[in-house]
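The shown structure was predicted, so the numbers you read here are calculated from the model rather than taken from an experiment. Chain identifiers are assigned alphabetically (A, B, ...) following the order of the sequence lines, protein sequences preceding nucleic acid strands; residue numbering begins at 1 within each chain.
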There are 2 protein chains.
Amino acid sequence: MTPFALNDFLPYRLAVAASRVSRAFERRYMAEAGLSVSEWRVLAHLSQESEVSVREIQARVDMEKSKVSRAATRLEEQGLITKVVNQTDRRLVSLSLTQKGHEVMEKLIPLANRFNADLQRILGPESKAFHASLDRLLNE
Amino acid sequence: MTPFALNDFLPYRLAVAASRVSRAFERRYMAEAGLSVSEWRVLAHLSQESEVSVREIQARVDMEKSKVSRAATRLEEQGLITKVVNQTDRRLVSLSLTQKGHEVMEKLIPLANRFNADLQRILGPESKAFHASLDRLLNE
DNA sequence: TTGACTTCATTGCAAATGCAATGAATATTT
DNA sequence: AAATATTCATTGCATTTGCAATGAAGTCAA
C-alpha cells in the first residue's frame with residue numbers, strides 16, 4: 001500500500017489544532033457568557049464597526065450568511081444586539097450592539113486578548129512567522 | 001470600547017485556515033469518492049494499521065468516538081471497511097479495509113500526498129517551522 | 001414604466017455533530 | 001463467586017451546519 005502519514009498531513013494537523021484552540025477558548029470564556037464561537041465572531045466584528053449588515057459580516061468574519069443570520073437571531077434573543085431594517089436599502093439589516101452587548105464585550109475582550117497572548121507565548125519567537133504562514137495559506 | 005482585532009486573533013485565523021484547507025481537500029478529492037473528511041480520517045488510519053478498534057482510532061485520529069462509530073458505519077455501508085467483533089475482547093470492534101477499501105485508498109493516497117506537497121510549497125521554506133509551531137500548539 | 005436581473009436575509013430540510021445514556025463485556029474488589 | 005466498577009461501541013436527542021429555495025427590495029435596460 002502506498003504510504004500515507006496522517007500525522008504529517010497538513011489539513012489534518014491544522015484541523016486538530018484549530019478545533020482544540022477554539023474549543024478551549026469557547027469552554028474557558030464563551031460558555032459562561034452563554035455564547036458560541038459563531039456568536040462571538042459576530043460580536044467581535046460589531047465591536048469594531050457599528051451598524052453592519054449581515055452580508056458585510058459574512059465577508060469580514062468568514063461565515064456562511066445563514067450562519068451569520070442565525071447567530072444574529074440568537075444574539076438578539078439574548079438582548080446583545082439589535083436588528084433594524086436599513087432605511088436607505090430595505091434589503092439590508094443593520095446589526096449593532098445594545099448597551100448590554102457593549103457591557104458583555106467590555107468583559108470578554110480583555111479575556112480574549114489574554115487568551116491570544118497566551119497562545120503567542122506558547123508559540124514563542126516563531127509566533128510572527130506562524131502568522132505569516134497562515135497568511136500564505138489564506139491568500140493562496 | 002476596549003480594542004479587539006479579530007484579524008489578529010489566533011483561534012479565528014486558525015479556524016479559517018483549517019476550514020478552508022479541509023474544505024478544498026474535501027471538494028477536490030473526497031467528494032467524488034463519496035467520502036467526508038471524517039471517513040477519510042478513519043480510512044487513513046486503517047491504511048497504516050489494520051485491525052484497529054474504534055477506541056484506538058478515536059485516540060489516534062482525534063475524533064469523538066461517536067463520530068468514529070458513525071463514520072465506520074457509513075464506510076461499511078459503502079463496502080470499504082469491515083467491522084468484526086474482536087474475539088479475545090468482545091467489547092471491541094475490529095475495523096479493517098476491504099479489498100475495495102484498499103483499492104480506493106490506493107487511488108486517494110497519491111492525491112492526498114500531492115495536495116499536501118502543494119501546501120508545503122505554498123508555505124515555502126517556512127513549512128518546517130510551521131509544523132513545529134503546530135506541534136507546540138498541540139502539545140501545550 | 002415595465003420587465004428581467006441581481007442582491008439580501010431568512011427559512012426548510014437533510015445531514016452531521018456533541019454529549020449523555022444505554023447495554024454489553026471485561027476487570028476488580030470483597 | 002458475587003457484587004461492583006470500568007471499558008467499549010452504539011444510539012437518542014437536541015443543536016448546528018451547509019446548501020438550495022424563497023420572497024422581498026433594489027438595479028438596470030429597453
Open item on the list: What's B:S36 touching, base or sugar-phosphate or nothing? Going by heavy atoms closer than 4.0 Å.
Closed with: nothing

Task: Salt-bridge present (A:D62, A:R41; N to O < 4.0 Å) - done: no

Task: Distance in angstrom units between B:L92 CG and C:dT26 C1', rounded - done: 10 Å

Task: Atom-to-atom span, CD1 of B:I57 to P of D:dA9 - whole angstrom - done: 9 Å

Task: Ring centroid separation A:F25 to B:Y12 under 6.0 Å - done: no

TODO: Please report, rounded to the nearest Å, how far the P atom of D:dT7 is from the CG atom of B:D89.
DONE: 12 Å

- [ ] Would you check if A:L111 and A:R114 make a side-chain contact, meaning some heavy-atom pair closer than 4.5 Å?
- [x] yes

Task: Residues B:K83 and B:S96: side-chain donor-acceptor under 3.5 angstrom - done: no

Open item on the list: Whole angstroms only, please: what is the CZ-P distance between B:R91 and C:dT22?
Closed with: 20 Å

- [ ] Using atom CG of A:N86 as one end and atom P of D:dG26 as the other, report the distance to the nearest whole Å.
- [x] 9 Å

- [ ] Would you kindly give the CD-to-P distance between A:Q58 and C:dT10, to the nearest whole Å?
- [x] 12 Å

TODO: Name the residue closer to the 5' end of DNA chain C, choosing between A:V68 and B:R70 according to the nucleotide with the nearest heavy atom.
DONE: A:V68

Open item on the list: Could you tell me if A:S133 and B:E126 have a donor-acceptor pair between their side chains, going purely by distance under 3.5 Å?
Closed with: no

Task: Phosphate OP1/OP2 of D:dG18 contacted by B:R23 side-chain N/O (<4.0 Å) - done: yes

Task: Distance test, side-chain N/O of B:R90 to OP1/OP2 of C:dA25, below 4.0 Å - done: yes

Task: B:K83 side chain near D:dT10 phosphate (N/O to OP1/OP2, under 4.0 Å) - done: yes

Task: Separation of C:dC8 C1' from A:M63 CE (nearest whole Å) - done: 16 Å

Open item on the list: Nearest to the side chain of B:R27, heavy atoms from C-beta on, is which of D:dA9, D:dC19, C:dG18?
Closed with: D:dC19

Open item on the list: Using OP1 and OP2 only, check whether a side-chain N or O of B:S69 sits under 4.0 Å from D:dA9.
Closed with: no

TODO: State which of C:dC19, C:dA16, D:dT16 makes the closest approach to the side chain of A:R74.
DONE: D:dT16

Task: Whole angstrom value for the distance that separates C1' of D:dT15 from NZ of A:K67 - done: 13 Å

- [ ] Determine: side-chain N/O of A:S66 to OP1/OP2 of D:dC19, distance under 4.0 Å, yes or no.
- [x] no

- [ ] Would you mind classifying the nucleic acid contact of A:K65 as base, sugar-phosphate or nothing, using non-hydrogen atoms under 4.0 angstrom?
- [x] base

Open item on the list: Both A:Q87 and B:A72 contact DNA chain D. Taking the nearest nucleotide for each, which residue is further toward the 5' end?
Closed with: B:A72

TODO: Please tell me if the side chains of B:L134 and A:L10 come closer than 4.5 Å, counting only heavy atoms from C-beta onward.
DONE: yes

- [ ] Report which part of the nucleic acid A:T73 touches: base, sugar-phosphate, or nothing (heavy-atom distance under 4.0 Å, all strands).
- [x] nothing

Open item on the list: Checking contacts here: which listed nucleotide (C:dC19, C:dA9, D:dC19) is nearest the side-chain heavy atoms of A:E64?
Closed with: D:dC19

